[in-house]
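Notes for the one structure printed next.
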Amino acid sequence: MSKERGGEEEYFAEAKADWRRSALTAGGEAQASLWASAQRAREEIFGKRIFVRGVIEVGNFCRQNCAYCGMRRENDALRRFRLARDVIRRVIDESLPSSVTDLNFQAGEDPVALKELVLPVIEEIAKEKRLGISVCLGTVDHRLYDELRQAGARGYIIKLEIGDPEQYRLLQCPGTIERRLEAIRYLVRTGWYVSSGFIYGLPNQTLDQLIGTLDLLRSLTLRGCSVSPFIPGEGTPLFSEKRADLDQTLNAVAVLRLSSPRWVVPAVSALNLCDSSGYVRALRAGANLATINLTPSEWRGDYQLYRRKRWIMTEERVLQAIAQAGCRPSPESWIAASSSFSSFG
């Protein structure tokens, strides 16, 4: 594997037509070489720093019906909740670990939670605390994006999940792919630091579709991107399908790093549902953001992206994973770090 700077294909010299095809399916020595190159690419930009983000899952109501998500609106078995505003504030004021530099508010696509919970809390904490503030709240009216930004949020996480228009439609992804892309472009245009992502290993997903998704994501002006393994979700039409291959999902982490070295690439907790080493291995494959779950334990099981029994990344687990990967927590937020780059590819 070459380390020269002639283009990302030189990181994976075995590939002839498209280096990513060989990289995504690599095993053995080729995989080890791929991950080593991804680590070097990350360290050239970020050193050994791993950004540490806290997430509060403020509610699981969702108006969308994605076939892969346990919070889909047709899952009648799910107990729905919205956290009270005082509960959210108590988490922030009393339970925020010192290692957290970024705070993310996440929910199903629920304008009620956005307007009545997230907006007022962000307005309060943006004045009080030195944190990078991001949200993951779906595709909503442009006016609400603007209000969130005015309140003090700077990062917007809006997953694409699937880049193929027909697959997007068949799996009932949010709205239409055209509207999703328009939302991403609007967010970028109005000054947000936008991070997206996709799912690896969906039923009937082809290598061509994956490459197309990667190309589409790279065409957007993103600050970061994640890859999540497909986990068959309880209460979804895909529950009986096969889970994603962990090694290939981690190869996709490395591909994201090598394709766009300045991106923030999260290690997602779902990797540990595949294997208890998944999170650490993602950091070793080039990821550079870890997330501590701050949702009160009473409601965590109902935030059911996949299944009620979750792998919760506590501060202890996150810091241990970072240390095992030979890295250290970043003293600054990913939003602050991203603002220093004039190029995001």
Side-chain angles (χ1 to χ4, degrees), residues 1 3 11 23-24 26-55 95-104 132 195 197 200-201 224-229 231 243-258 260-295 297 300 305-306 309-334 337:
M1 187 173 293
K3 188 64 175 56
Y11 278 106
L24 288 169
E29 292 183 6
Q31 183 182 65
S33 184
L34 172 71
W35 292 10
S37 287
Q39 281 193 57
R40 288 196 299 269
R42 180 190 66 201
E43 291 180 10
E44 282 184 11
I45 306 296
F46 299 98
K48 293 186 178 295
R49 297 175 300 155
I50 303 297
F51 301 108
V52 180
R53 175 176 65 190
V55 62
S95 305
L96 193 67
S98 60
S99 58
V100 167
T101 57
D102 291 273
L103 190 59
N104 176 241
S195 181
Y200 191 95
C225 191
S226 67
V227 54
S228 300
I231 306 290
R243 189 178 64 191
D245 181 90
L246 175 60
D247 279 351
Q248 291 185 4
T249 306
L250 294 172
N251 287 348
V253 171
V255 167
L256 287 176
R257 171 60 58 212
L258 293 172
S260 298
R262 288 181 172 82
W263 273 358
V264 173
V265 178
V268 299
S269 60
L271 292 165
N272 272 3
L273 292 175
C274 299
D275 185 271
S276 60
S277 67
Y279 206 86
V280 174
R281 294 173 72 198
L283 297 175
R284 290 173 176 162
N288 67 331
L289 183 145
T291 302
I292 297 172
N293 189 293
L294 303 176
T295 306
S297 57
R300 283 175 183 165
L305 296 176
Y306 312 107
K309 186 177 180 181
R310 303 174 59 186
W311 184 276
I312 299 299
M313 293 304 295
T314 61
E315 182 184 31
E316 181 183 5
R317 285 175 170 172
V318 162
L319 295 181
Q320 185 179 48
I322 291 172
Q324 286 177 353
C327 298
R328 60 179 181 271
S330 172
E332 67 176 342
S333 75
W334 74 266

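The first residue in the sequence is number 1, and the count goes up from there.
Taking every heavy atom of both residues into account, Thr295 and Asn293 meet most closely at N-OD1, 3.0 Å. Listed here is the closest heavy atom pair of Gln31 and Ala26: NE2-O, 3.7 Å. Shown here for Cys274 and Ala244, the closest heavy-atom pair between the two residues is SG-O, 4.4 Å. Residues Ile312 and Arg317 come closest through the heavy atom pair O-NH1, 2.7 Å. The shortest heavy-atom contact between Asn272 and Trp311 is ND2-NE1, 2.8 Å. Taking all atoms of both residues into account, the shortest heavy-atom contact from Val268 to Pro229 is CG2-CD, 4.0 Å.
Annotation: side chain of Thr291 is not in contact with side chain of Asn104 (no heavy-atom distance under 4.5 Å). In this structure the side chain of Leu319 reaches within 4.5 angstrom of the side chain of Ser99, judged on heavy atoms. Put simply, the side chain of Ile50 reaches to within 4.5 Å of the side chain of Arg42, judged on heavy atoms. At a threshold of 4.5 Å between non-hydrogen side-chain atoms, the residues Trp334 and Pro266 do not count as touching. With a 4.5 Å cut-off on side-chain heavy atoms, Ile322 and Pro329 count as touching. No side-chain heavy atom of Pro97 sits under 4.5 Å from any side-chain heavy atom of Thr314.
Distance check: Arg257 CZ to Ser37 OG gives 13.0 Å after rounding to the nearest 0.5 Å. Going from atom CD of Glu332 over to atom CZ of Phe51 covers 6.0 Å, rounded to the nearest 0.5 Å. To the nearest 0.5 angstrom, Leu258 atom CG is 9.0 Å from Arg40 atom CZ. Distance OH/Tyr200 to CG/Leu250: 10.5 Å, rounded to 0.5 Å. Within the model, atoms CG of Leu24 and CD of Gln248 stand 8.0 Å from one another, a figure rounded to the nearest 0.5 Å. Atom CZ of Arg53 and atom CD1 of Ile292 lie 11.0 Å apart (nearest 0.5 Å).
Panel note: side chain Asn288, backbone Val265; a donor-acceptor pair is recorded below 3.5 Å. Although no hydrogens or angles enter the test, the distance criterion places a donor-acceptor pair under 3.5 Å between the side chain of Gln39 and the main chain of Arg284.
For the side chain to side chain contact (heavy atoms under 4.5 Å, CB included) with Arg281, the lone residue among Leu246, Val253, Leu271 that qualifies is Leu246.
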